[in-house]
Amino acid sequence: MESSTPHAHTEGNEEGKSRRHFIQQIIDADLQEGLHGGRVHTRFPPEPNGYLHIGHAKAICVNFGLANEYGGKVNLRFDDTNPVKEDTAYVDAIRADIAWLGFEWNGGEYFTSDYFETLFDYAVRLIKDGKAYVDEQSAEEIAAQKGTPTSPGTASPYRDRTVESNLRLFHEMREGKHPEGSMVLRAKIDMGHANMHMRDPFMYRIKFAHHHRTGDAWCIYPMYDFAHGQSDSIEGITHSLCSLEFENHRPLYEWYIENLGIFPSKQREFARLNLNYTVMSKRKLLRLVEDGVVDGWDDPRMPTLSGLRRRGYSPESIRAFCDRVGLAKRNNIIDVGLLEFSLRDHLNSVATRAMAVLRPLKMLIVNLPEGHVEWLPTENNPEDPSAGMRDIPFGRELFIEEDDFKAEEVNKKWFRLAPGRSVRLKSAYIVTYVNHLVDEHGQVTEVHVELHPDSKSGSDTSGIKAKGTLHWVEATHAKDAEVRLYDRLFSDPSPDGDKDRDFMECLNPDSLERLKGCKVEPSLVTAEAGEPWQFTRLGYFTLDSRYSTADRPVFNRAVTLKDGWKG
RNA sequence: UGCCCCAUGGUGUAAUGGUAACACACCGGAUUUUGGUUCCGUUUUUCCAGGUUCGAGUCCUGGUGGGGCAACCA
């Protein structure tokens, strides 16, 4: 049954019977009950202390996608309650990544730090209600009293302070009259609660730290739990979606909202995205950067959005991937192959085809005169006739791919060039092997072929059957380029799956291969970073945004073509 | 020896008490001037044990397995 709610973004999900994930079902039910007048308002709340990665992309697609789908709004909120870890540089990078993914925060942009004053007032209110107190014990003492998951905690000696002294001390905390670590504000809930988060959680701690936005205005900062739900509430967020690890925080989230009597945002949790053959935690990603294993946060091998972008991933492909991954509460590990499929699937329809030879082998057409060059038309994209045609130079001297020629004996599964064989040169002619030259090491240095003039592409009357088609670049017009091939960063599907092994031990030593002296067709000089190209038979590539120069282009391979050859 | 969440092909995700399906992967075939694309097809699935029911992947009970929960992090 088709639901009556509008579907703005339902890519890959438009079968007759629409498949609704559990969050959609919750929202559908909420709407049916007339909750919040049918309003849907979500938020994406990153802490500006690092770069966004593919895992965040899922959260972004969920929050922005749902808001779009229900004709609602989505806020971008920077959850900046810990000044020692956060920085404006991350704020800018996060904004750029979300925009690149193709989403707009139509509900506005906010910072939790904008609510510091309100949050302070909320805390005062709880103190006045006898629901919060200042604890002067050390972190160790408090931890010891917390109990364990299987045994209850014990009360702090400061738990029953008077409202007056709590109020005075809390104001003194704000005024900077007490050193860091000397006291905290705690909610007075239940030291024996089965949920550890309810055992008098911290609300505020003292930190004499410069905040990237509020500067030195504050020396006390709210904890996550005392900030998040209230921020949702202040913004009128109807559905606060987060990952599974916050499930145990939900009672506390609700406790603050109820005891403050503020707008009842509802928290719902879903399983975060995990990808095999990579790591996703900020700490581990940081280590890759700091240890120089990668080039930086935007190294094309990184699972960061900036890395994927530099590698050549399109925002469309990442969105499609997130759709395909689905949404549930079950812990999952997605095969990186699905990400790669999503990229190929998108780029196949939009990438301009071009000829590039990565490991050049010289080919001489013996029956063409010295200096012969002609221009031949070729499709820009066979999947898209509207992409048109372009002319490429063809001549007596070409480069073909080294492994497209085999001098030794080959079996019948070999479609490419070899002694006695004929092949089609893409968009050009069929050529037949004549002979080849080798150096003193037995290395093939040149292959000579004979061209069949009546086999010209588009007007082939030769009747010759060539099973294989090779890509090639005409030698005198070829441009030099560097091409970087990437493989997965780790050789183990679960680099951090073994507690007794450091994930760095699983690094794939061959994750980057730099090929210099590659030959590309002249049209590639107009390539721009971020633009998708398909190098015929080789994969999808884009110009590297960092290392390319006008006279020395550097191309990154985003992904290979699917290789169906079982030879 | 506590509390919370989860369990469907190799990997994900559907089926909302009524024929277990979709995508990716895999394997086979057709088409192909990219060993790409496209098309067709094969193989493979409800953690276990009880119970409720005409009927259970779905509801109940109990197991088992996995994840999470004690930071002046988010």
Side-chain angles (χ1 to χ4, degrees), chain A residues 12-13 15 17 19-22 25 45-47 49 79-82 84-86 112 135 138-139 142-144 146-153 180-186 193-199 202-207 220-221 223-225 227-228 242-251 269 271 276 282 323-335 337-342 344-345 348-349 353 355 378-379 382-383 413-416 423-428 430 455 457-458 460 466-471 534-539 560-567:
Chain A
N13 198 18
E15 302 91 41
K17 187 176 184 179
R19 299 151 63 110
R20 319 279 298 154
H21 58 64
F22 79 104
Q25 291 173 26
E47 181 184 16
N49 71 341
D79 210 354
D80 54 352
T81 58
N82 187 0
V84 303
K85 295 166 81 177
E86 298 148 5
T112 302
D135 196 333
S138 69
I142 294 176
K146 202 112 195 178
T148 69
T150 54
S151 62
E180 264 182 44
S182 63
M183 50 182 70
V184 292
L185 184 70
R186 290 226 257 168
H193 202 108
N195 182 332
M196 298 293 287
H197 294 283
M198 299 297 273
R199 321 246 261 226
F202 293 9
M203 293 164 61
Y204 270 91
R205 76 284 213 189
I206 300 170
K207 268 183 200 284
I220 58 171
Y221 292 93
M223 301 292 292
Y224 166 84
D225 285 304
H228 203 97
C242 61
S243 48
L244 251 28
E245 71 227 74
F246 291 100
E247 267 175 331
N248 291 340
H249 293 244
R250 205 208 288 199
E269 311 84 10
N276 60 11
K282 254 167 219 173
D323 277 349
R324 282 189 254 255
V325 163
L327 195 69
K329 298 189 75 162
R330 183 167 21 155
N331 294 310
N332 58 77
I333 300 174
I334 308 294
D335 191 332
L338 187 63
L339 215 211
E340 295 172 343
F341 164 80
S342 299
R344 292 190 189 103
D345 186 50
N348 177 51
S349 61
R353 271 58 171 174
M355 301 272 228
T378 188
E379 309 125 312
E383 303 297 312
K413 285 189 166 175
W414 180 262
F415 297 168
R416 286 115 97 146
V423 294
R424 158 76 61 183
L425 295 175
K426 172 75 181 165
S427 296
I430 292 174
S455 68
S457 186
D460 184 356
K467 197 91 168 109
T469 301
L470 306 188
H471 60 281
Q534 185 196 99
F535 289 179
T536 302
R537 296 212 300 144
L538 297 176
T560 60
L561 254 28
K562 181 179 174 186
D563 189 1
W565 186 33
K566 305 292 185 299

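Chain naming here is simple, since letters A, B, ... match the order of the sequence lines and numbering starts at 1 in each. Quick caveat: nothing in here was measured; it's all calculated off a predicted structure.
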Requested in this report: Mark yes when over 12 heavy atoms from residues, nucleotides or ligands other than A:Lys467 sit less than 6.0 Å from its NZ; otherwise mark no.
Outcome: no

**Report entry** A:Ile333, CD1: over 12 other non-hydrogen atoms inside 6.0 angstrom
**Finding:** no

Query raised in the report: So what does A:Leu470 hit on the nucleic acid, given a heavy-atom distance under 4.0 Å: a base, only sugar-phosphate, or nothing?
Result: nothing

Query raised in the report: Quick one: does A:Arg324's side chain have a donor or acceptor within less than 3.5 Å of a partner on A:Leu339's backbone?
Result: no

Requested in this report: Go through B:rA74, B:rC69, B:rA70 for me and flag the one nearest to the A:Thr148 side chain.
Outcome: B:rA70

Query raised in the report: Expressed in angstrom and rounded to an integer, what is the separation of A:Glu245 atom CD from B:rC3 atom C1'?
Result: 18 Å

**Report entry** P gap between B:rU52 and B:rC26, integer Å
**Finding:** 46 Å

Query raised in the report: Starting at the 5' end of RNA chain B, what dot-bracket string do you get if Watson-Crick and G-U pairs under 3.5 Å are bracketed, crossing pairs use [ ], other-strand pairs use | and unpaired bases use dots?
Result: .((((((..((((....[..))))..((((.......)))).....(((((..]....))))))))))).....

Requested in this report: Scan A:Tyr204 against the nucleic acid and name what it touches under 4.0 Å (heavy atoms): base, sugar-phosphate only, or nothing.
Outcome: nothing

Report summary line: From the candidates B:rC69, B:rU1, B:rU13, the one with an atom nearest any side-chain atom of A:Thr150 is B:rU1

Query raised in the report: Expressed in angstrom and rounded to an integer, what is the separation of A:Asp225 atom CG from B:rC69 atom C1'?
Result: 12 Å

Report task. Using the P atoms only, state how far B:rC22 lies from B:rA14, rounded to an integer number of Å. Result -> 15 Å

Query raised in the report: OP1, OP2 of B:rC72 versus side-chain N and O of A:Arg186: anything below 4.0 Å?
Result: no

**Report entry** Passing option when A:His471 is tested against A:Arg353, A:Arg537, A:Lys426 for side chain to side chain donor-acceptor pair (under 3.5 Å)
**Finding:** A:Arg537

If you restrict it to nitrogen or oxygen atoms, what contacts under 3.5 Å exist between nucleotides 33-36 of chain B and the protein, and what is each distance?
| residue | atom | partner | partner atom | Å |
| --- | --- | --- | --- | --- |
| B:rU33 | O2' | A:Lys426 | NZ | 3.3 |
| B:rU33 | O2 | A:Ser427 | N | 2.9 |
| B:rU33 | N3 | A:Ser457 | OG | 2.5 |
| B:rU33 | O4 | A:Arg424 | NH1 | 3.0 |
| B:rU33 | O4 | A:Ser457 | N | 3.1 |
| B:rU33 | O4 | A:Ser457 | OG | 2.7 |
| B:rU33 | O4 | A:Gly458 | N | 2.9 |
| B:rU34 | O2 | A:Gln534 | OE1 | 3.0 |
| B:rU34 | O2 | A:Arg537 | N | 2.9 |
| B:rU34 | N3 | A:Gln534 | OE1 | 2.5 |
| B:rU34 | O4 | A:Arg353 | NE | 2.7 |
| B:rU34 | O4 | A:Arg353 | NH2 | 3.0 |
| B:rG35 | OP1 | A:Arg537 | NE | 3.4 |
| B:rG35 | OP1 | A:Arg537 | NH1 | 2.9 |
| B:rG35 | O2' | A:Asp563 | OD1 | 3.4 |
| B:rG35 | N7 | A:Arg416 | NH1 | 2.9 |
| B:rG35 | O6 | A:Phe415 | N | 3.1 |
| B:rG35 | N1 | A:Lys413 | O | 2.7 |
| B:rG35 | N1 | A:Trp565 | NE1 | 2.7 |
| B:rG35 | N2 | A:Lys413 | O | 3.3 |
| B:rG35 | N2 | A:Trp565 | NE1 | 3.2 |
| B:rG36 | N2 | A:Glu383 | OE2 | 2.6 |

Requested in this report: Go through B:rC72, B:rA70, B:rG12 for me and flag the one nearest to the A:Ala139 side chain.
Outcome: B:rC72

Report task. Considering only atom C1', compute the distance from B:rC47 to B:rG65 and round it to an integer number of Å. Result -> 7 Å

Query raised in the report: Is the side chain of A:Asn248 donor-acceptor paired with the backbone N or O of A:Asn195 at a distance under 3.5 Å, no angle test?
Result: no

Query raised in the report: Atom CG of A:Leu244 and atom C1' of B:rA74: how far apart are they, to the nearest Å?
Result: 16 Å

Query raised in the report: What nucleic acid atoms does A:Val184 come within less than 4.0 Å of, heavy atoms only: base, sugar-phosphate, or nothing?
Result: base

Requested in this report: Look only at the side chain of A:Arg199 and the backbone of A:Thr148, and say whether a donor-acceptor pair between them is shorter than 3.5 Å.
Outcome: yes

Query raised in the report: With a non-hydrogen cut-off below 4.0 angstrom, is A:Asp79 in contact with a base, only sugar-phosphate, or nothing?
Result: sugar-phosphate

Requested in this report: Quick one: label A:His228 by what it contacts on the DNA or RNA (base, sugar-phosphate, nothing), any heavy atom closer than 4.0 Å.
Outcome: nothing

Query - Identified side chain to side chain contact (heavy atoms under 4.5 Å, CB included) partner of A:Glu47 from the options A:Thr112, A:Asn82, A:Asp80 - result: A:Asn82

Query - From B:rA70, B:rC5, B:rC3, nucleotide with atom closest to A:Lys146 side chain - result: B:rA70

Requested in this report: Select base, sugar-phosphate, or nothing to describe what A:Gly539 touches, counting heavy atoms under 4.0 Å on all strands.
Outcome: nothing

Report task. Report which part of the nucleic acid A:Ser349 touches: base, sugar-phosphate, or nothing (heavy-atom distance under 4.0 Å, all strands). Result -> nothing

**Report entry** Sugar-phosphate only, base, or nothing, as touched by A:Leu327 at under 4.0 Å among non-hydrogen atoms
**Finding:** sugar-phosphate

Query - Interatomic distance at P, B:rG18 relative to B:rG55, whole Å - result: 14 Å

Query raised in the report: Nearest of B:rC72, B:rG66, B:rA70 to any side-chain atom of A:Met196?
Result: B:rA70

Query - Pairwise P distance for B:rG63 and B:rC3, with rounding to whole Å - result: 11 Å

Query raised in the report: Base, sugar-phosphate, or nothing for A:His197, non-hydrogen atoms under 4.0 angstrom?
Result: sugar-phosphate

Query raised in the report: Taking atom C1' in both B:rU13 and B:rG29, what distance in whole Å separates the two?
Result: 29 Å

Query raised in the report: When the C1' atoms of B:rU11 and B:rU45 are considered, how many whole Å apart are they?
Result: 12 Å

Query raised in the report: Which one, B:rC72, B:rG68, B:rA14, comes nearest to the side chain of A:Asn248?
Result: B:rG68

Query raised in the report: Considering only the P atoms, how many Å lie between B:rG35 and B:rA20, rounded to the nearest integer?
Result: 42 Å

Requested in this report: Choose from B:rU1, B:rC73, B:rG12 the nucleotide whose nearest atom is closest to any side-chain atom of A:Lys85.
Outcome: B:rC73

